[in-house]
Amino acid sequence: MQPNINFHNATFEKSAVSKEQYPKSDMLEFAFAGRSNVGKSSLINKILNRKSLARVSGTPGKTITINFYNIDNKIYMVDLPGYGYAKRSKEEIAKWGDMIEDYLANRDQLVQTILLVDSRHTPTEQDVQMADWIRHYHDSLIVIATKTDKLKKREVEERMEDIINTLQLGEDDILVPFSTADEDGRMTVIDMLQMMRAGELVPYDEKL
């Protein structure tokens, strides 16, 4: 049995815009994708119990590189640049698409790409497109619904159903409600990463 990952032992390793700049390592990688300002950096900080290891910006579209975080010298958590920022030029959007597709298609160390969506809103057309993209490269779709602390308790189940229906989640897919304001979803994500690294299946009772 592989030893558990110490998620408190984490460092930012490097940013990359091409495969030549990726870490020269065989460690497994778990990538996080989502719209600009959906909360990827905040989620990474919450998982790692750090305040600002991943830079959080109030300006959408600020992350334009693939950022690699070394977790306990066992895995990388990879922050992909956000999509859907309206002020980007067509050239920038095309460059983003090429960079992400090259990473998803050709990075052998990539175990799973995890999609983040804002729990308060119906997933966008671009969210659906990214979900289809992930399905093309992975066996299942894992979705984290962020910012659940901004919902009323009675709204959470309704919003999860909307996400399930819009992204057409099936029985092999996983949806995790997540909040950076409390512990909602944190241990579920940590457990998933531990189990995927070990090559184990996620328990059925974690699936929605």
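Quick note: numbers below take in every heavy atom, side chains included, and nothing from hydrogens, waters or symmetry partners.
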Would you please say whether a donor-acceptor pair under 3.5 Å links the side chains of [X] and [Y]?
| X | Y | value |
| --- | --- | --- |
| D191 | T188 | no |
| D79 | S41 | yes |
| T148 | D184 | yes |
| S140 | D172 | no |

Just grab all the salt bridge (charged side-chain N to carboxylate O under 4.0 Å, His left out) pairs involving residues 10-24, residues at least two apart or on different chains.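 Found none.
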If you look only at pairs with a residue in residues 97-116, which of them pass as a salt bridge (charged side-chain N to carboxylate O under 4.0 Å, His left out), with sequence neighbours excluded?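 Residue pairs passing salt bridge (charged side-chain N to carboxylate O under 4.0 Å, His left out), neighbours aside: E29-R107.
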Report yes if the side chains of [X] and [Y] come closer than 4.5 Å at any heavy-atom pair, otherwise no.
| X | Y | answer |
| --- | --- | --- |
| L43 | K46 | no |
| D149 | L151 | no |
| I47 | F178 | yes |
| I163 | P123 | yes |
| F7 | Q194 | yes |
| K147 | V38 | no |
| M196 | L193 | yes |
| V189 | V176 | yes |

Measure across Y76 and P23 and return the closest heavy-atom pair with its distance rounded to 0.1 Å.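 Closest pair (atom of Y76, atom of P23, distance): OH-CB, 3.4 Å.
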Could you pull out the closest heavy-atom pair between R135 and L141, with the gap in Å?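 Smallest heavy-atom distance, with atoms named: NH2-CD2, 3.4 Å.
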Taking [Y]'s backbone N and O only, do any of them form a donor-acceptor pair with [X]'s side chain (distance below 3.5 Å, no angle check)?
| X | Y | result |
| --- | --- | --- |
| E161 | E158 | no |
| D127 | T124 | yes |
| R159 | S119 | yes |

Got a second to check how far [X]'s [atom1] is from [Y]'s [atom2], nearest 0.5 Å?
| X | Y | atom1 | atom2 | answer |
| --- | --- | --- | --- | --- |
| M77 | N70 | CE | CG | 12.0 Å |
| K40 | L115 | NZ | CG | 10.0 Å |
| L53 | T11 | CG | OG1 | 7.5 Å |
| Y83 | Q126 | OH | CD | 7.0 Å |
| D173 | H138 | CG | NE2 | 12.5 Å |
| I71 | L48 | CD1 | CG | 4.5 Å |

Which residues satisfy the ring pair (Phe, Tyr, Trp, His ring centres under 6.0 Å) test with Y22, sequence neighbours excluded?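 Y22 satisfies ring pair (Phe, Tyr, Trp, His ring centres under 6.0 Å) with F68, Y103 once adjacent residues are dropped.
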Could you walk me through whether M160 and L175 satisfy the side-chain contact (heavy atoms from CB on, under 4.5 Å) test, starting with their C-alpha distance in whole Å, then the side-chain angles of each, then the deciding distance to 0.1 Å, before giving a yes or no? CA-CA 8 Å; M160 295 306 107; L175 175 61; 3.8 Å; yes
Residue list, side chain to side chain donor-acceptor pair (under 3.5 Å) with N49, at least two apart or on another chain: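 Listed in chain order: nothing, the list is empty.
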Suppose we screen for side chain to side chain donor-acceptor pair (under 3.5 Å). Which residues come up paired with R120, at least two apart in sequence or across chains?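 Side chain to side chain donor-acceptor pair (under 3.5 Å) list for R120, sorted by chain: D118.
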So for atom [atom1], which belongs to [X], do other residues, nucleotides or ligands contribute more than 12 heavy atoms lying within a distance under 6.0 Å?
| X | atom1 | answer |
| --- | --- | --- |
| Q21 | CD | yes |
| Q129 | CD | no |
| Q168 | CD | no |
| N106 | CG | yes |

Test side-chain contact (heavy atoms from CB on, under 4.5 Å) on E183 and R186; report intermediate values, then the result. CA-CA 6 Å; E183 292 299 304; R186 179 175 181 268; 3.2 Å; yes
side-chain contact (heavy atoms from CB on, under 4.5 Å) evaluation trace for L116 with F32: CA-CA 7 Å; L116 274 64; F32 295 82; 3.8 Å; yes
Kindly indicate, with the supporting measurements, whether the criterion side-chain contact (heavy atoms from CB on, under 4.5 Å) is fulfilled by V128 and E125. CA-CA 5 Å; V128 174; E125 182 178 340; 5.6 Å; no
Only one of T65, V17, I66 clears side chain to side chain contact (heavy atoms under 4.5 Å, CB included) with P81; which?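 That would be I66.
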Considering residues at least two apart in sequence or located in another chain, which fulfil the side-chain contact (heavy atoms from CB on, under 4.5 Å) criterion with D72?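 Scan of D72 (side-chain contact (heavy atoms from CB on, under 4.5 Å), adjacent residues dropped) gives I5, N6, N9, K74.
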